[in-house]
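None of these values were measured; they are calculated from a predicted model.
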Amino acid sequence: MTETVFPQNADVLIVGGGSVGLSAAVFLARHGVPALVVEREPGPRAHPRATGIGPRTVELLREAGLERAVDEVAIDMTNATLGKITVDTLAGADLAAIAAGLPARTRMFDTAAYSPARLRGICPQNRLDRVLLDAARERGAHVAYDTELLSLEQDADGVTAAVSGPDGTRTLRARYVIAADGVRSGVRAALGIGVTGPGALGPELHNVMFHADLSHLTDGYGFALAELTTPDAPGMLMAIDGETEWVFHTAQEPSPDLLRTAIGDPGLKVEIVSVLGWRARGQVADRFREGRVFLAGDAAHAVPPTGAFGLNTGVADAHNLAWKLARVLTGRSAPALLDTYHDERRPVALLALEQSRLRMRDLRMHFGSGPEAARLRAAAGAVNAPIVHVGYRYGGASAVEGLPSTEDVTLCLDGSPGSRLPHVWIGERSSLDLVGPDFSVFTGAPVPDPGVPVHVVEGWPYGTVLVRPDGFVAWRGADDDLAEAVRTCTAGA
């Protein structure tokens, strides 16, 4: 997987080749910027880690032409209706009775009303990364594994980086750097950027990936999570493919016997594939930018897994930053545009952290449905998950300031500046599919040529809006003011 030949100079150097770093490379390539990615691991990780890909991430994959490829490697969960269950052991659980006792469920991400994005189920991070890696390389990015960053030094024109790889130590030159090097980011530490938040949350855990055929216990009933409470081996069982591939989170020393005890089948054939140690953390970097270096993903924010907000927030970081870097690199926007990355993404990260922590107190706020779950969220100050993924807004003191609803994401996607462009079907295409690498205008009636693409949509109810390359509304107003809005917004000043 290692590239031993890669350029000494790059417009953008990405430190970290996980999902966020590879996403950044793919998004930059869409804007004509080939990136260089360096990753100290010898190749993509085989361990699944995160599994929940939210609707906004699927939209971004769709924009990059990867929605189908990711859907093909996703696990079909269309019939997985149990969500999260709590049982003593899986063998002792009556899943049919649990299913019969559940109220009619509304899918958490039934996106038809607000998004064209579709994914048939979970996509473990290791499968996602393979798709992203292939796409990044096909589109001109260089991805060098087994290559570790040693140092960074900035000056007025760029960044000099020393890296160590299979061919020894090399010096690279880049105009900008994206640090996607994880929760213990060496780049963040070297820049002296502090973090805010509670830090470690809960005990040290083992993330145990194992193979075992549990079909005789699940009997066709799917679930996302099973909290196993047997005193001898408590932990959380996560479905990866829902058949033979699983992950078990435990504070005890992993062993096949421990897994058999937790599952409740002493004769079960178990193969432990890999084990990762981890501990939930809650922290957000005090700054997402230092000169020509930008933090993204876990380097910028560590979010506990409850809610599946961490990975998705990181991919959105990369998407927000990519078009801004591209415009500044090509001289189409002023360098001041890059300041908006911190201003926009840090409030979203704070929202994701807050909402994840609230859900840790009562998982019914996340896995529940209907009025009772909404009541629990309202009492706790939580918002519905789709709003965390796609319904937030840029430009306010917080990412949810001024939202018309904390439950119904369709009400939040109303064409207001700072919100994601509303999804409207135009024939077989979504309005989101018409967002290109430049600014564009969406309107219900013809307007004078503003110098950017114009999409006249019959029955468009949202007024004349100017949309950024990332699909967020930059401006809405009178047609007479459109030309000036285009000049101001595209300049990035």
Heavy atoms, side chains only, cut-off 4.5 Å: are [X] and [Y] in contact?
| X | Y | answer |
| --- | --- | --- |
| Glu67 | Arg118 | yes |
| Val183 | Trp278 | no |
| Met209 | Pro48 | yes |
| Arg139 | Val26 | yes |
| His423 | Leu413 | no |
| Ser23 | His319 | no |
| Met238 | Glu245 | no |
| Trp246 | Leu259 | no |

One thing to verify: whether [Y] and [X] come together as a salt bridge, which I'm taking to mean a side-chain N less than 4.0 angstrom from a carboxylate O.
| X | Y | result |
| --- | --- | --- |
| Glu227 | Lys84 | yes |
| Glu63 | Arg420 | no |
| Arg62 | Glu59 | no |
| Asp241 | Arg127 | no |

Interatomic spacing from [atom1] in [X] to [atom2] in [Y] - rounded to 0.5 Å:
| X | Y | atom1 | atom2 | answer |
| --- | --- | --- | --- | --- |
| Gln8 | Thr171 | CD | OG1 | 7.5 Å |
| Glu407 | Asn384 | CD | CG | 4.5 Å |
| His211 | Glu271 | NE2 | CD | 6.0 Å |
| Ser398 | Leu350 | OG | CG | 9.5 Å |
| Leu403 | Cys412 | CG | SG | 4.5 Å |
| Leu61 | Leu132 | CG | CG | 6.5 Å |

Determine the minimum heavy-atom distance between [X] and [Y], stating which atoms define it.
| X | Y | value |
| --- | --- | --- |
| Arg364 | Ala373 | O-CB, 3.8 Å |
| Ile14 | Ala25 | CD1-N, 3.6 Å |
| Gly381 | Leu358 | O-CD1, 3.7 Å |
| Arg292 | Gln154 | N-OE1, 2.6 Å |
| Gly158 | Arg173 | N-NH2, 3.5 Å |
| Arg188 | Asp298 | NH1-O, 4.0 Å |

Would you say the side-chain atoms of [X] pair up with the backbone N or O of [Y], donor to acceptor, closer than 3.5 Å?
| X | Y | result |
| --- | --- | --- |
| Ser185 | Asp181 | no |
| Thr340 | Asp343 | no |
| Gln355 | Val383 | yes |
| Ser356 | Ala352 | no |
| Ser431 | Val424 | yes |
| Asp129 | Asn126 | no |
| Arg346 | Phe288 | no |
| Tyr341 | Leu295 | yes |
| Asn207 | Arg49 | no |
| Arg56 | His389 | no |

More than 12 heavy atoms of other residues, nucleotides or ligands under 6.0 Å from [atom1] of [X]: yes or no?
| X | atom1 | value |
| --- | --- | --- |
| Arg332 | CZ | yes |
| Arg68 | CZ | no |
| Arg468 | CZ | yes |

Q. Hey, mind stepping through Asp438 and Arg327 against salt bridge (Lys or Arg N to Asp or Glu O under 4.0 Å) and telling me if it holds?
A. CA-CA 9 Å; Asp438 197 356; Arg327 288 192 67 89; 3.2 Å; yes
Q.
Before you tell me yes or no, could you show the steps for Leu325 and Val33 under side-chain contact (heavy atoms from CB on, under 4.5 Å), namely the whole-Å CA-CA distance, both residues' side-chain angles and the distance that decides it to 0.1 Å?
A. CA-CA 9 Å; Leu325 283 170; Val33 179; over 6 Å; no
Q | Within 45° cone of Phe294 ring axis and under 6.0 Å: Arg289 NZ or CZ | A | no
(Q) Under a plain distance cut-off of 3.5 Å, with no hydrogens placed, do Asp213 and Thr244 share a side-chain donor-acceptor pair? (A) no
Q: Might you work through the side-chain contact (heavy atoms from CB on, under 4.5 Å) test for Val73 and Cys123, ending with a clear yes or no?
A: CA-CA 7 Å; Val73 300; Cys123 183; 3.9 Å; yes
Q: In sequence, state the C-alpha distance, the side-chain angles, and the governing distance for Ser430 and Trp425, and then conclude on side-chain contact (heavy atoms from CB on, under 4.5 Å).
A: CA-CA 5 Å; Ser430 166; Trp425 286 115; 4.1 Å; yes
Show every donor-acceptor pair shorter than 3.5 Å between a side-chain atom in residues 303-316 and any protein atom, with sequence neighbours excluded, or say none if there are none.
unit_1 : atom_1 : unit_2 : atom_2 : d
Asn312 : OD1    : Gly54  : N      : 2.7
Asn312 : OD1    : Thr57  : OG1    : 2.7
Asn312 : ND2    : Gly52  : O      : 3.0
Asn312 : ND2    : Ala308 : O      : 2.7
Thr313 : OG1    : Phe309 : O      : 2.6

Q. Which of parallel (below 30°), tilted (30 to 60°) and perpendicular (above 60°) describes Tyr394 and Tyr392?
A. tilted
Q: Kindly determine whether Val400 and Thr406 satisfy side-chain contact (heavy atoms from CB on, under 4.5 Å), including the steps that lead there.
A: CA-CA 8 Å; Val400 293; Thr406 60; 6.0 Å; no
Q | With Arg357 via salt bridge (charged side-chain N to carboxylate O under 4.0 Å, His left out) - residues at least two apart | A | none
